[in-house]
Amino acid sequence: MMNNLKNIRFNIFKALIFLGSVFFMSCGITKNMISSRTIENKLNVAKDKGILFGHQDDLAYGMGWKYVDGESDVKRVAGDYPAVFGWELGGIELAHTFNLDTVPFKNIKTLSLKAYAMGGINTYSWHPFSAIDGASSWDKDVDVVKHIIPGGLHHEAFKNHLDKLADFLKSLKTANGKQIPFIFRPWHEMDGAWFWWGSKQCTPAEFKTLFKFTIDYLRKSKGIRNMLVAYSPDGGFNSLAKYFTWYPGDKYVDIMGMDNYGDLRTDNGEIAAIKKLHIVIEAAKTKSKYAALTETGLENVTDSKWFTQKLGVVLQDPLVAKELSYVMVWRSDEKVHFFFPYPGHPAAEDAKEFLNKPGILLLSDINKLINK
Ligand code: BMA
């Protein structure tokens with residue numbers, strides 16, 4: 001009798017373990033991954049509280065410094081780190097040691113893990129070289145997309161590029177061997193015509209095939225599950241239908257994005273930017289996704305009031321303030337260009353004032369909300 005009871009208990013226990021694993025596997029979570037829901041959790045918690053602020057390459061370099069532990073131009077100016085950390089993976093597909101902006105991939109890895117450990121969200125852009133002949137992403141005269149999608153002559157070479165990308169993404173593991181969650185934002189600004197995947201370089205159908213194949217390959221063939229995906233046209237749209245022209249489908253996208261530099265450097269451009277963000281927000285609402293201004297900035301911050309008077313005005317629009325999850329400004333490379341000021345720069349005080357607004361969330365703000 002006692003033995004039977006023990007057996008029953010043991011079997012129930014085994015069944016629970018089995019059901020638990022089936023549940024977690026079906027959610028795409030395995031023991032070795034930290035679910036992408038940890039990012040969604042942050043985005044959900046931030047909802048209605050404010051917009052998370054991000055900066056590309058923030059922990060890697062800034063004005064007058066490079067790879068200094070703990071350094072960040074956002075922190076130097078505003079006293080806190082950004083909540084979103086952007087990184088660039090162009091060059092990983094060729095097994096380069098450095099990305100196309102000379103940032104070593106080993107530093108990107110260490111700093112991504114640091115950002116994750118601090119409570120931040122990592123997002124990766126990718127400006128890959130062509131799998132056909134190594135042409136740069138900006139080589140708009142080459143015919144790439146139709147040759148690298150399934151059925152194309154260079155499809156295998158492209159898969160090889162994705163293998164290298166996947167190896168890097170899967171190597172983003174904590175000391176306990178768990179893969180960290182991240183946002184991936186491939187094939188961005190496709191509505192423009194400056195990349196080989198742009199609107200004049202391939203058809204929307206070819207583009208969608210490229211996008212879908214990329215995500216399916218990373219998820220299904222490579223087992224990457226801890227990834228949210230952002231879809232980011234460049235603001236070359238004026239309707240919901242136009243916004244969706246290159247949309248690969250609901251199962252491929254988690255974040256409805258927009259990159260937009262143009263409207264934010266134009267007189268009265270904030271009106272156009274707000275209109276487009278309303279379209280992005282409508283898209284996100286219709287599809288139950290998040291909305292984000294995935295890239296913006298004013299090159300070399302030549303307007304000392306740009307943060308409060310341009311970006312700030314756009315983000316203060318009531319619908320935008322309520323619905324937008326995050327905004328990210330581009331990198332600050334002293335040799336090329338910078339999009340966030342440094343201490344002493346004429347725009348530094350204004351950037352600080354903007355970041356101190358209650359509706360803009362930095363790293364300690366999101367950590368406080370999460371730990372509440
Ligand atoms: C662009 C510029 C380039 C850089 C590229 C990828 O906007 O910043 O200098 O190589 O992004 O990071």
Side-chain angles (χ1 to χ4, degrees), residues 54-67 72-74 82 84-109 111-112 115 121-131 134-140 142 144 161 164-165 168-169 182-199 201 214 230 232-236 257-265 273 292-302 306 311 326-342 345 347:
H55 185 212
Q56 180 83 353
D57 282 345
D58 185 77
L59 300 173
Y61 55 83
M63 296 308 271
W65 63 274
K66 248 184 178 186
Y67 315 122
S72 147
D73 278 0
V74 170
V84 176
F85 295 85
W87 308 102
E88 165 61 30
L89 299 179
I92 198 76
E93 68 287 349
L94 297 178
H96 287 173
T97 334
F98 298 83
N99 79 359
L100 75 177
D101 302 323
T102 73
V103 187
F105 285 112
K106 72 170 181 0
N107 294 48
I108 296 183
K109 180 175 164 178
L111 294 172
S112 299
I121 295 174
N122 288 297
T123 172
Y124 299 92
S125 52
W126 187 37
H127 294 82
F129 293 87
S130 147
S136 99
S137 289
W138 291 266
D139 196 334
K140 45 186 183 299
V142 291
V144 180
H161 278 190
K164 303 217 171 54
L165 172 72
F168 178 81
L169 293 171
F182 59 89
I183 297 170
F184 182 44
R185 186 170 58 94
W187 315 126
H188 62 310
E189 302 174 11
M190 76 303 281
D191 52 338
W194 43 87
F195 294 134
W196 50 248
W197 57 87
S199 61
Q201 286 72 18
T214 303
S232 291
D234 183 65
M258 168 173 74
D259 289 5
N260 194 336
Y261 294 86
D263 292 329
L264 282 109
R265 65 171 167 246
L293 180 49
T294 41
E295 249 190 69
T296 187
L298 177 67
E299 193 171 36
N300 301 337
V301 207
T302 47
W306 184 82
L311 184 59
Y326 67 90
V327 57
M328 189 176 81
V329 298
W330 203 237
R331 64 201 197 101
S332 293
D333 181 335
E334 61 184 4
K335 292 215 186 73
V336 186
H337 50 198
F338 60 96
F339 292 85
F340 193 82
Y342 46 89
H345 183 274

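All ligand and atom numbering here is 1-based and tracks the order in the structure.
Ion pairing between R185 and E295 holds under the 4.0 Å rule for side-chain N and carboxylate O.
Among all non-hydrogen protein atoms, the one lying nearest atom 7 (O) of ligand 1 is W330 NE1, 3.1 Å. Protein heavy atom closest to atom 6 (C) of ligand 1, with residue, atom name and distance, is D101 OD2, 3.4 Å. At the shortest separation from atom 9 (O) of ligand 1 among protein heavy atoms lies R331 NH2, 2.8 Å.
Taking 4.5 Å as the limit, every side-chain heavy atom of D139 sits out of range of all side-chain heavy atoms of V144. Put simply, the side chain of H188 does not reach to within 4.5 Å of the side chain of T294, judged on heavy atoms. Using a 4.5 Å heavy-atom threshold, the side chains of W87 and F182 count as separate. Side-chain atoms of Y67 and P104, non-hydrogen and from C-beta on, do get closer than 4.5 Å to each other.
The atoms of ligand 1 that sit less than 4.0 Å from any heavy atom of W138 are 5 (C). Numbered from 1 in the order shown, with element, the atoms of ligand 1 that lie under 4.0 Å from a heavy atom of H127 read 6 (C).
The heavy-atom pair separating I92 from W126 by the smallest distance is CG2-NE1, 4.0 Å.
Residue H337 places a heavy atom less than 4.0 Å from ligand 1. Residue contacts with ligand 1 leave out Y261, since none of its heavy atoms falls under 4.0 Å from the ligand.
Looking at Q56 against ligand 1, nothing comes within 4.0 Å, counting heavy atoms.
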